[in-house]
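Input: a single structure, listed below in structure tokens.
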Number of protein chains: 2
Amino acid sequence: MQAAVLTAFGGPEVLEVREVAEPRPGRGEVLVEVRAAAVNNTDLWTRQGAYGLPGRPDAPAGWRGPVTFPRIQGGDMAGVVREVGEGVDAAWRGRRVLVDPAFYDGPGDDARPVGLLGSEADGGFADAVVVGADRVHDMTDSPLDDEALACLPVAFGTATGMLERGAIGAGETVLVTGASGGVGLAAVQLAAARGARVLALTTPDQAAAVRDAGATATVDRHLGAEELAAAVAEVAPDGLDAVADVVGGPVLATVLPLVTDGGRWVIAGAMGGPVVEFDLRRLYLHNVALVGSSMHTPAHFARLAADAVAGRVAPRIAARYALADIHAAQDDFARSAHVGKIVVLPGAADR
Amino acid sequence: MQAAVLTAFGGPEVLEVREVAEPRPGRGEVLVEVRAAAVNNTDLWTRQGAYGLPGRPDAPAGWRGPVTFPRIQGGDMAGVVREVGEGVDAAWRGRRVLVDPAFYDGPGDDARPVGLLGSEADGGFADAVVVGADRVHDMTDSPLDDEALACLPVAFGTATGMLERGAIGAGETVLVTGASGGVGLAAVQLAAARGARVLALTTPDQAAAVRDAGATATVDRHLGAEELAAAVAEVAPDGLDAVADVVGGPVLATVLPLVTDGGRWVIAGAMGGPVVEFDLRRLYLHNVALVGSSMHTPAHFARLAADAVAGRVAPRIAARYALADIHAAQDDFARSAHVGKIVVLPGAADR
């Protein structure tokens, strides 16, 4: 089969599209024919080894440390079960599925993610992938097509994890930062679907797309931290019940005073600056929590799968590439010019 | 009746012990004869008006803003119900009770505290106090005496709020900062009673008392932030599941990397410095939450009352004063020389 194989940490040249042996499902596993995959930051950072190591931030490493090469990339995928391994119900064969790309630290609905397809095991930038049967979710009844489903696992999974860990729900006023990015746009859409009033930080030229996704107001993210806080206060006169933040940086200190009693600031990234300075009194005098959120749990992914079956999510697709054009797809993604997901189509030439 | 009455914000001179009219319970209220009360930081800060106002940190104010004078002080009290108001079950009369000193923003077990006896209403530094019947908890079956019960509401209530909001439980390794203070010592005792392994930051001369309360190891809080983190790492080789922090300051940045995946850092005070700088990556790469915690909810106080009935708490009493000697009691408290609570005994001269 064809696959995009990472041969080392490095630039685009270490990612090769080539013929590899099709894997076979072992006990408790299934073989999924990949109908569509999607690109995420984690694919680029894993290729670059950009995660660093504890105490050695510049050391090349994946998010969990070392990566074994060659490694087929791709955390986002949807497809059809073609083969089932020993001990797996044969009824899965032929079913359209969404694949949970996470490996967990144990059983149970609240287990923690400690690995990811495309990093700790071969992923979905290939004609087929082998995954645990407990990681596939039946999409027979979902109104979403394969491309839309493929956009969900990483970005919408991470956004679901943020909303769940922050207990963000109906009737709340929620600010989403980095709202035109993959996770940010997913958070806008999922929070709006839950009945929250969504405000968003984004650029003026991407504001229309962010409002399309469900934001009722947008604020220019390029404003200085103080001006930005004033602009948020204007559209949230009663304060913020929660913040879904994928950016971090100086905005934390200036916007935190707008979070009301019992509020939650969920942080899932810090491209705006990981080292922050702020006043703890806002937290402890107002029972506000600053909640770190990484990926999702099995319970979170099950909720996302239910949203997909019920048609409560509709990912925005910005562009499509054949698997052979993975380098162009990753380039396109890195430029962040579009709002929406970049989809990769394995085997597209055959269909 | 005799009462310690605050006449204005200020020094000790604004707190007068004098004769006042005994209050009468209204509909849904009870009159509690105060058998014992206890001193907390909040009494001193309310007297001084030390809480400041938003944007005016030096403006004299109570924790919720303005305070109406004259105001009887005292948030901690235990006693016996002497009269019941209209609509209250007469069976309460004669019962020994623990008084929840909080006012809440609504009904329900998870309501938020928005007021406190001794600040937003008259408190327990008096021969008697009127409180809502839903704020008294029956202590008929508690093995604790009145003095011990009076030590619980504020310090153990706040500590229970910290443990509950941080979901701190059995088998976890928990670091408690400021462990010789009222809330800190309560957190040590309550966490140990839950089956947690408790480590504590304190001074060498107070370490023995903190170990008595349930800490298995102590670290000198006067070490520099880096040395302190190294010393904590030595007694917590597998990391910290949670931190119950009443101090804040630079320790947050150096000890946070010791908190393991899924860990919680609960912050309830910042005498060590409210403005902190730290790296958000520890939070979002490891699903760690920084949880602000102020006082308790009705559910938290019910858990504390159950602990009191079951004898799972045993407050340490450092000194006792008659109500007439309230100034000496507050002086003693402010010096922080003792480990344990300072108890005030209204009507002690009569018994």
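Protein chains get the first letters and strands the later ones, always in sequence-line order, with residue 1 at the start of each. FYI, side chains are in, hydrogens and waters are out, and symmetry mates aren't considered; it's all heavy atoms of this structure.
Note: A:Asp261 leads A:Val266, A:Leu252, A:Asp261 in heavy-atom pairs under 4.5 Å with chain B. Between chain A and the residues B:Gly262, B:Pro113, B:Gly269, the largest count of heavy-atom pairs under 4.5 Å involves B:Gly269.
Within the 4.5 angstrom heavy-atom criterion, only backbone atoms of B:Val288 (N, CA, C, O) approach chain A. Only the side chain of A:Arg165 comes within less than 4.5 Å of a heavy atom in chain B; its backbone stays farther off.
Summarising the geometry, atom CG belonging to B:Asn287 is positioned 8.0 Å from atom CZ belonging to A:Arg112; distances are rounded to the nearest 0.5 Å. For the atom pair CG (B:Leu290) and OH (A:Tyr284), the distance works out to 12.0 Å, reported to the nearest 0.5 Å.
Within the 4.5 Å cutoff, side-chain heavy atoms of A:Glu277 are placed close to those of B:Val275.
Each of B:Leu285, B:Asp279, B:Leu283 was evaluated against A:Pro274; a single residue qualifies, B:Asp279, per the side chain to side chain contact (heavy atoms under 4.5 Å, CB included) test.
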